[in-house]
Q: 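Would you mind keeping the following structure in view while I ask a few things?
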Amino acid sequence: MRTKETEQAIGAYFAACDATRERIPLKNGGFEERQIPYTLFGLARAVGMTPEALLKIGRGPRRTVKDRLLFDAVMRVAAYTQEHALLGELAYQVALETLRALAAQEQGDGPALKVVLDAAAERYAK
C-alpha cells in the first residue's frame with residue numbers, strides 16, 4: 001500500500017469507528033455514548049498489515065512518512081485505550097493480554113509456564 005493509500009485507510013478506520021457512536025438513554029434521564037473502540041487489530045486490518053508488523057514499526061526507526069503515519073495511528077489507538085480504561089469505559093486487561101501475546105510471538109517465545117519449588121515444597125511434589 002502506498003503512503004497516500006495508507007493515510008486514507010487510517011483516516012477511514014478512525015472515521016468508521018467514530019461513526020458508530022450512539023447515544024443510549026439511561027434510567028436517570030441522562031445519556032451514555034458508545035462506539036466501536038479503536039483497536040490494534042482493527043487498525044491492522046484496515047491498513048492490510050499484521051498487528052505484529054505494526055508493533056515492529058513502533059519499536060524501530062521511523063525513516064519514511066508511511067512509517068510515521070503508522071506509528072502515529074498505533075499511538076492513537078494506545079492513547080484511546082488508556083484514556084477509556086482510566087475512565088472505566090474499557091477493560092484494559094483485554095488489550096494488555098493481547099499486546100503481551102503479540103510481543104511474545106514477535107520474540108519467538110510462546111506461552112510458557114514456569115514452576116519454581118523451594119526446598120520445603122519439593123517434598124510435597126513427590
Side-chain angles (χ1 to χ4, degrees):
M1 194 179 281
R2 293 190 173 127
T3 302
K4 189 67 174 170
E5 293 168 334
T6 300
E7 184 176 19
Q8 290 171 345
I10 291 169
Y13 170 71
F14 290 120
C17 289
D18 292 341
T20 63
R21 186 171 289 145
E22 61 180 327
R23 289 176 58 126
I24 301 166
L26 300 174
K27 291 180 182 178
N28 65 5
F31 287 91
E32 177 182 355
E33 287 192 359
R34 289 190 194 159
Q35 77 176 60
I36 292 176
Y38 304 159
T39 65
L40 183 63
F41 280 81
L43 176 63
R45 185 172 153 254
V47 297
M49 297 177 72
T50 64
E52 295 89 352
L54 284 175
L55 290 177
K56 192 172 188 174
I57 288 170
R59 290 190 184 104
R62 291 166 289 284
R63 295 186 177 109
T64 67
V65 172
K66 183 177 176 179
D67 286 351
R68 285 190 292 278
L69 286 170
L70 292 167
F71 175 76
D72 289 345
V74 169
M75 293 306 294
R76 185 173 174 184
V77 170
Y80 175 94
T81 303
Q82 188 176 32
E83 289 163 2
H84 287 267
L86 288 171
L87 293 171
E89 298 170 357
L90 291 175
Y92 73 90
Q93 295 92 340
V94 175
L96 188 60
E97 286 306 313
T98 300
L99 291 174
R100 281 185 182 147
L102 288 172
Q105 286 176 5
E106 188 177 288
Q107 296 171 0
D109 301 336
L113 174 65
K114 183 176 180 180
V115 178
V116 179
L117 298 176
D118 63 8
E122 280 186 21
R123 62 186 159 142
Y124 294 109
K126 293 181 182 181

Q: With a cut-off of 6.0 Å (strictly less than), are more than 12 heavy atoms of other residues, nucleotides or ligands near CZ of Arg62?
A: yes
Q: Which pair of non-hydrogen atoms, one from Ala44 and one from Pro51, has the smallest distance, and what is that distance?
A: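 Result for this residue pair: CB-N, 3.7 Å.
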Q: For the residue pair Thr39 and Tyr80, establish whether any side-chain heavy-atom pair is separated by less than 4.5 Å.
A: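 No; the side chains remain at least 4.5 Å from each other.
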Q: Taking side chain as C-beta onward, heavy atoms only, is Leu55 less than 4.5 Å from Leu40?
A: yes
Q: Quick check on Gln8: does its CD atom have over 12 non-hydrogen neighbours (other residues, nucleotides or ligands) under 6.0 Å away?
A: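 For Gln8, atom CD is crowded (more than 12 foreign heavy atoms under 6.0 Å).
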Q: Can you get from Val77 to Phe71 by hopping between Ile, Leu, Val, Met, Phe, Trp and Tyr side chains that sit under 4.5 Å apart?
A: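 Different clusters: Val77 never reaches Phe71 through Ile, Leu, Val, Met, Phe, Trp or Tyr contacts under 4.5 Å.
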Q: Are Val74 and Ile57 packed together at the side-chain level, in the sense that at least one heavy-atom pair is separated by less than 4.5 angstrom?
A: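 Val74 does not reach Ile57 side chain to side chain.
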Q: Between atom CE of Met49 and atom NZ of Lys56, what is the distance when rounded to the nearest 0.5 Å?
A: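 Reported to 0.5 Å precision, the distance equals 10.0 Å.
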Q: What distance do Glu22 atom CD and Ile36 atom CD1 have between them, rounded to the nearest 0.5 Å?
A: 9.5 Å
Q: I'd like to know if the side chain of Thr6 reaches the main chain of Lys66, judged simply by a donor and an acceptor atom lying under 3.5 Å from each other, with no hydrogens or angles considered.
A: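 It does not hold such a pair.
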Q: Which pair of non-hydrogen atoms, one from Ala9 and one from Ala46, has the smallest distance, and what is that distance?
A: CB-O, 3.5 Å
Q: Of all heavy-atom pairs between Gly42 and Tyr13, which one has the smallest distance, and what is that distance?
A: C-CE1, 3.4 Å
Q: Is any side-chain heavy atom of Leu70 closer than 4.5 Å to a side-chain heavy atom of Ile10?
A: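 Leu70 vs Ile10: side chains touch.
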Q: If I compare all heavy atoms of Arg63 with all of Arg68, which pair ends up nearest, and what's the gap?
A: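 Shortest heavy-atom contact: O-NH1, 3.7 Å.
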Q: For the CE atom on Met1, are there more than 12 heavy atoms of other groups (residues, nucleotides or ligands in this structure) within a distance under 6.0 Å?
A: yes
